[in-house]
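For reference, the structure discussed in these notes is given below.
Keep in mind it's a predicted model, so treat the numbers as computed, not measured. When a residue number appears, it is its place in the shown sequence, counting from 1.
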Amino acid sequence: MRAMRCASRSGLASLLGLLLAVLTPGPVSGDPAPPPPTTPTPSVPAIARAWPVGTRPSVLRGWEPPATAYSRGHRGVDLAAAPGTPVRAVTPGRVLYAGRVAGRGVLSVELTGTDLRTTYEPVSTSVKKGTQVTAGEVIGTVEATGSHCTTTCVHWGLRRGETYLDPLSLLPPWLLHRAPSRLLPVLGVPLPASAT
């Protein structure tokens, strides 16, 4: 009796499996195969607490990722800044490099708690390799020469390993898209005649 119950259960399971296979739509001959699963690219956390220069500098040229490691592109963003403008660390970190490369002052900071590093150039550095910096701390000033922009600018880059990323992705929306402050009218105080 027990053997019959087991046989009938397994027969029922087989029948259900067959019904599901028939009723569940599957690929039809000639349909393209489903794409292989992709692993998502790790995102960049919006951890910056300040712009590297100014409070909302003009972006003269945005990030243009190259198609391959050796292709043309723009591996960072160019921010308008006058010579002598203070350059600030956007997050806490440790200075990996502070020196000259091809005649330009270059600064690289490893961001605390991440596998990311930012670069700034042309910068006259005020910190040394190994220095721990805080968000908003002045780490140098914009140099008057060595810029590849038509006007003085600072090139701000972001890398994870050998991969270049968009440094603007470090900025949270409230900092990236902040509009100028506006004062609202105070209740009970009349507006000037010119405002009406």
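Closest approach of Val123 and Gly140 over heavy atoms only: CG1-CA, 3.9 Å. For Ala48 against Leu171, the heavy-atom pair with the smallest separation is CB-CD2, 3.6 Å. Between Val77 and Pro167, the shortest heavy-atom contact is CG2-CG, 3.8 Å. Smallest separation of non-hydrogen atoms from Pro57 and Ala80: CB-O, 3.7 Å. Minimum heavy-atom separation, Thr152 to Ala82: CG2-C, 4.2 Å.
Linking Ile, Leu, Val, Met, Phe, Trp and Tyr residues whenever their side-chain heavy atoms come within less than 4.5 Å places Ile47 and Trp51 in a single cluster. Cluster membership check: Val138 does not share its hydrophobic cluster with Val53, using side-chain heavy-atom separations under 4.5 Å among Ile, Leu, Val, Met, Phe, Trp and Tyr. Residues Val87 and Leu96 are members of separate hydrophobic clusters, defined by side-chain heavy-atom contacts under 4.5 angstrom among Ile, Leu, Val, Met, Phe, Trp and Tyr.
For Glu137, the salt bridge (charged side-chain N to carboxylate O under 4.0 Å, His left out) criterion is met by no residue, not counting sequence neighbours. Residues passing the side chain to side chain contact (heavy atoms under 4.5 Å, CB included) test with Arg49 are Ala135, Pro172, Trp174, sequence neighbours excluded. For Thr131, the side chain to side chain contact (heavy atoms under 4.5 Å, CB included) partners are Val95, Val127, Lys128, Val133, not counting sequence neighbours. With sequence neighbours excluded, the residues forming a salt bridge (charged side-chain N to carboxylate O under 4.0 Å, His left out) with Arg159 are Glu162, listed by chain and number.
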Any chance you could lay out the side chain to side chain contact (heavy atoms under 4.5 Å, CB included) test for Val44 and Leu158, step after step, and finish with the verdict? CA-CA 10 Å; Val44 174; Leu158 177 66; 3.9 Å; yes
Pair Thr141-Ser124, side chain to side chain contact (heavy atoms under 4.5 Å, CB included): steps then yes or no: CA-CA 5 Å; Thr141 57; Ser124 177; 3.7 Å; yes
Just do the side chain to side chain contact (heavy atoms under 4.5 Å, CB included) check on Tyr120 and Val109 with the steps written out, would you? CA-CA 9 Å; Tyr120 312 84; Val109 177; 4.1 Å; yes
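The line from OG1 of Thr118 to CG of Leu111 is 5.0 Å long, rounded to the nearest 0.5 Å. The CG atom of Leu60 lies 12.0 Å from the NE2 atom of His155; values are rounded to the nearest 0.5 Å. Note: Leu79 CG to Arg61 CZ = 13.0 Å, rounded to the nearest 0.5 Å. The line from OG of Ser126 to CD1 of Ile139 is 7.5 Å long, rounded to the nearest 0.5 Å.
Hydrophobic cluster membership for Val101: Tyr97, Val106 (Ile, Leu, Val, Met, Phe, Trp, Tyr linked by side-chain heavy atoms under 4.5 Å, directly or transitively).
Annotation: side chain to side chain donor-acceptor pair (under 3.5 Å) contacts involving residues 82-95, sequence neighbours excluded, comprise Arg94-Glu110.
Not a single donor-acceptor pair under 3.5 Å links the side chain of Arg160 to the backbone N or O of Thr163. A side-chain donor-acceptor contact under 3.5 Å links Thr112 to the backbone of Pro92. For Thr114 (side chain) and Leu116 (main-chain N/O), a donor-acceptor pair under 3.5 Å exists by modelled atom type.
Each of Asp78, Thr119, Val90 was checked for a side chain to side chain contact (heavy atoms under 4.5 Å, CB included) with Trp156, and the lone residue meeting it is Val90.
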